[in-house]
K.L.:
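I have a structure I would like to understand better, so I am pasting it below and will then ask my questions one at a time.
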Amino acid sequence: MIDYRAFRSGDGDYVAAVVNRYTLQFLEDKSVISFAGGLPDPSTFPIEELKNITVEVLENYGFEALQYMPTKGVSMYMRELLNYLYRNRGIKVSQDNVLITTGSQQAVDIIARAFVDEGDIVVVEEPTYIAALNAFRARKPRFIGVPIDDYGMKVNELEDKLKMLKSKGEKVKVLYTVSTAQNPAGVTLSIDRRKYLLELAEEYDFLLIEDDAYGLMIFDESTPTTPIYNLDKNGRVIYIGSLSKILAPGLRLGHVIAPKEVIDSLEPMKQIADLHTSSFNQYIAALALKKKIIEKNINKTKTLYKQKRNTMIETIENNFPRTTWYTKPIGGMFIWVKLNQEIDTELLLTKAYSKGVLYVPGKGFYHNENGKDTMRLNFTYPTINQIKQGIEILAKVIKEELNT
Ligand SMILES: *Cc1c(COP(=O)(O)O)cnc(C)c1O
């Protein structure tokens, strides 16, 4: 056998090390109740509609859909996507401002490649989305974390940190935020903080990356979730979106909305990675958007997720120790739990697993691996009964741990 270690690049070794550190081996065990995944409920996938659309694509657009296409994206899809974003998110831009990506994960990756050099300062929420964190990690930046509360990133603490950095002659390059129904914490940045954050981006001259993966998956509509992108007048914000949580993650369709100059600097990075995103999938999604499949389905999905969220909140409220802080998301897929106890949730996971329940320990969502007593709970994938049962079991495991 060849010893491939002798051939691997330094970057390859480094990236393998940072990503693998957080891989949990038993997360996909089907015999347990899992709050660990980040998956939509598969019963919400419009399988029949997509089947018919796929046939239609092959019949009417076969030559284009199976052909190479421009890196930027298929123009029919971009047109339908922009209409959709305008109707549902108030985002009004032209095709100059769009880049279609292979999942929004690729968007984060190419933004990091285009804008972050080794040693640059990247600001993230504490906690933040692990897959984005890893995409930035691969660039070897210096991270600065800003804690969250029920209203998202504590922007006043960010300001303190920015002032301190400035006094040392240092400067933030980019800030990454999941502004609405955050992963992992489920919190939504308040409208005042959105404005404040944008002012800070102006004053301290950094780019703001807004990941809006859940902006269209909101069940309590009373909280405003205006994208920061829409408040921005000076091109500070790079907006990232995805069809993963509103249509199907398997299509791998994401997008960047940004000023033309930003799109122009991302496009070569994308071309190097994969030439272009699947044209076939873009045609399928274009017809799905045109036929308003998402808009027709999404209210049913929201009703289902809202029920599941309510069940999880109620069961946590009635069973978890009184010291627990947990979030009450207005949308998205996750509830965040901080036990405020001397419990290491990574160690506790083995016990929970032996009782038939899984979650994700919170540590991996911190750039500095803090958050020992935190966990992320997914409420979209398990059934309502599993949620009740599983949260009760988890509460028992925690209480037993406290009494030993
Ligand atoms: C699920 C999720 C995404 C979606 O990623 P895709 O690559 O588009 O599937 C993006 N950002 C966050 C914060 C997410 O939770």
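We count ligands from 1, going down the list as the structure has it; atoms in each ligand are counted the same way.
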K.L.:
For the rings on F136 and Y176, is their centre-to-centre separation under 6.0 Å?
P.N.:
yes
K.L.:
Identify all N/O pairs between ligand 1 and the protein with a separation under 3.5 Å and present them as a table of atom names and distances.
P.N.:
residue	atom	partner	partner atom	Å
ligand 1	5 (O)	S104	OG	3.1
ligand 1	7 (O)	S104	N	3.1
ligand 1	7 (O)	Q105	N	3.0
ligand 1	7 (O)	R252	NH2	2.8
ligand 1	8 (O)	S104	N	2.7
ligand 1	8 (O)	S104	OG	2.9
ligand 1	8 (O)	S242	OG	2.7
ligand 1	8 (O)	S244	OG	3.3
ligand 1	9 (O)	S244	OG	2.6
ligand 1	9 (O)	R252	NH1	2.8
ligand 1	11 (N)	D211	OD1	3.3
ligand 1	11 (N)	D211	OD2	2.7
ligand 1	15 (O)	N183	ND2	2.8
ligand 1	15 (O)	Y214	OH	2.6
ligand 1	15 (O)	K245	NZ	3.4

K.L.:
How long is the span from the CG atom in L81 to the CD atom in Q95, to the nearest 0.5 Å?
P.N.:
9.5 Å
K.L.:
Quick test of your reading of the model: are D274 and R252 salt-bridged, counting only N-O distances below 4.0 Å?
P.N.:
no
K.L.:
Count the heavy atoms of every other residue, nucleotide or ligand shown that sit under 6.0 Å from CD of E261, and state whether that count exceeds 12.
P.N.:
no
K.L.:
Should the pair K355 and Y353 be classed as cation-pi, given the thresholds of under 6.0 Å to the six-membered ring centre and 45° from the axis?
P.N.:
no
K.L.:
In terms of side-chain geometry, is the basic nitrogen of K51 or E48 positioned less than 4.0 Å from the acidic oxygen of its partner?
P.N.:
yes
